[in-house]
Amino acid sequence: MKMLNIHKDTFKHGVHPPEYKEETNHLPIRQFDFAPVLIIPMAQHIGSPSEIVVREGQEVERGQLLAKSTGYVSVPIHAPAAGIIRKIANVPTISGKMSPGIFLEVFPFSGQEVAEGMPLDLETASADEILKGIQDAGIVGLGGAAFPTHVKLKVPDDKNCEVLLINGIECEPYLTTDHRVMLEQTEDVIHGIKYLMKATGAPKAIIGIEANKMDAAEHLERHIPKDLPIEVKVVPVKYPQGAEKMLITSIMGVEVPSGGLPIDVGAVVVNVATAAEIGRLLPHGWGIQERVVTITGPGVKNKGNYLIPMGTPLRYVLDQVGISDNISEVYMGGPMMGMAVSNLDISIVKGTSGILVFNDEDVVSRNEEHPCIKCGACVEACPLSLNPSRMGLMAKFKAYDRMAEEQNLLDCFECGSCSFVCPSYIPLVQYFRLSKSIVRKRKSAKQHA
Amino acid sequence: MLNKTLHISTSPHIVKGNSTQVIMKNVVYALIPAALFSVFTFGLSALLVLGTAVASCLITEYALCKVSGRKVTTSDYSAVITGLLLGMTLPPAFPLWMVACGGFIAIGLGKFVFGGLGYNVFNPALVGRAVLQAAFPVAITTWTDALSADRFTSIPSSVLALPFMEPVYDITSGATPLSAFKFDHHITPSFDLAFGMIGGSLGETSSFLILAGGVYLMVRKMANWKITASILTSVIVLSGALHLFNAELYPSPLFMLFSGGLMLGACFMATDMVGSPLTTKGIIVYGAFIGILVVVIRIWGGLPEGVMYAILLGNALSPQLDQWLKPRVYGTSKKKKS
Ligand code: SF4
Ligand code: SF4
């Protein structure tokens, strides 16, 4: 067998948070039980929310369409289980906003067979048909962004996709879903890549994996048929390598222009779990019903990687895995970019890659903030070579427009590396999030004036 | 079990570790061996000078916080560091009332007028020391001998001089190694310099212990070794070149390295994060600038010692260095002007 070398190139700066992956990375994916009632919000993806096509009291099959997409940047939602629509009402989401939602009471004794859809044959389908098929399957970026995948895959007429990058980096500490998907859903991943290459016209694909998942890299390497132009590249462990721009720089050695997209350098990046889902669903014309979620953190009793139906209430999930008595914070996503949950009545959605439970003693947010001592740690950490120290100071003086003009504020993708290293515990990313939204609002106000 | 109210916080939800407070505390630890050694060489008077410097800084910080209605920040160790550093730049028999003036000026003028910790441009201890030098030029260049026999039993009368009185000195020694070089062309053996068997300011004596403290901080990543390395390298290179050119006129790099306040400056003052640049390139240039200035002032300037002014000028330059040497932002082709 060919030995996999570690690719040496990498992006500038970055950080090395403790990984905490060993607690779950060896645990096989386990199927989660159906909750008695699934609560399915319509706003699960970036773009316009889906529009409900069922009514209260209606019985639905597993995989049946519940809501259709409402435009190009939108995807449909399918029934994660066979059951009856009990109620249609507003439900809470992680952002704190309410969204229209469906309460689906699961039939307890149903075999939960998935309704067959319109299969999409890899050989005969055209690129546009595949894109349509991906949209119809309700697929969005499963790495956490939840951006509709078909939009991302659409190569503009004046551009060419030279390489399809499959993102198996999973640089967030604690999370091991992509790791398990690569090990256990290998065939789906490879099949998905074939669909993706056809959809984008990419002549080759590269799967990027960090060196802490050698087993997955070797496993894939063994299973990829030799006649396919699919390559596995192992890169050194560094956060935030899973960010599209950083991955492109690590693997291709080029930088995506400020304000540009990966396609500007001839690349399209797709998360590996998303690729697996495409490979699994499209041949059957199925819609997405469940996803792999890592449930871990010091407050969880039965840590693991679980296949959880969309719409499963967080409260039910935590009840099933068991949590400690002194839990303090719950996050959806990883510890670097994940969002704290204020309400356990929200549900697992397409963008939920992990659930993290921290006890009182693990929580760092109440560390006292000190003044910036100009230590430069944030400058050394920022993968974009921004100056977080200076921007933090400018944010305090509300110089938002200057931050955007002089300091490239809008390039910041909120990776959190700067806050992570700051010895003064300054919530830099939080400042930048607010500053960015203010700058964006002012800009659009100007355009409308 | 799930009825507990959850806390909400913003990401990231983990942090790297060392807090500002822990860093500051360790700077204090790193200074202690050299401070103790100065007490060993100069006796009670050194203890009094250091103690007064720290106390006056803490009291000033406390009072100014109270008066201006800010949160009292005496517990962040930064005033302790300023006090220790100030004390270490002073001669052993320096009158205590002058020390207290220095502490007041260091915190008040060096730090508070700029807006407190992190906003100051200059190293506060050096601001204090610079004002003392201007106000009391005689006292600050009057040295007593190291290792005098009665150093633990008696206190020089100058130390206890009353405020606004000219201090009376009992015994003074002629010169520090640097002034001996400057004015008499006498060169002290490097071994004595490194291990502190010499006259001079409290912190000028044991270069070795100071370097050890500095290395401790650098190893723990609490001080940027690049600053120290850049200063020391530029001193060695420049003075080495001069020494090769004319060994009669210009002292050896070893002498340059271990005399005066260079070690203290390079390990503890220039590395003060607040006054140094943020970017790596900026840091290298900043260090080289300080190193070159030290040599230039020592050899051609009117003063025997130039470390203090070199660092203050370096401090003044650092914001500019950060602007000039701003790294290229990812995905942009050229640097943006600002
Ligand atoms: S959050 Fe923004 S400023 Fe901070 S390190 Fe990441 S990209 Fe840089
Ligand atoms: S890491 Fe924090 S303290 Fe250090 S320079 Fe950046 S903002 Fe300032």
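Of the two parts of P17(A), only the side chain, counted from C-beta on, holds a non-hydrogen atom closer than 4.5 Å to a non-hydrogen atom of chain B. For chain B, no part of V265(A) is nearby; none of its heavy atoms comes within less than 4.5 Å. Using a 4.5 Å cut-off between heavy atoms, L356(A) does not touch chain B at all. In this structure, the portion of K71(B) lying under 4.5 Å from any heavy atom of chain A is its side chain and not its backbone. In this structure, the portion of I23(B) lying under 4.5 Å from any heavy atom of chain A is its side chain and not its backbone. With a 4.5 Å cut-off on non-hydrogen atoms, T280(B) touches chain A through its backbone and its side chain both. With a threshold of 4.5 angstrom between heavy atoms, E414(A) does not approach chain B through any atom at all. Using a 4.5 Å cut-off between heavy atoms, R402(A) does not touch chain B at all. Only the side chain of S389(A) comes within contact range of chain B, with heavy atoms under 4.5 Å apart.
Each of K221(B), M222(B), M273(B) was compared with C375(A) under the side chain to side chain contact (heavy atoms under 4.5 Å, CB included) criterion, and only M273(B) meets it.
Salt bridge present: R328(B) and E255(A) bring a charged side-chain N and a carboxylate O closer than 4.0 Å.
Of all the heavy atoms in F358(A) and H13(B), the pair that sits closest is CE2-O, 3.7 Å.
The distance from atom OH of Y119(B) to atom CG of L393(A), rounded to the nearest 0.5 Å, is 5.5 Å.
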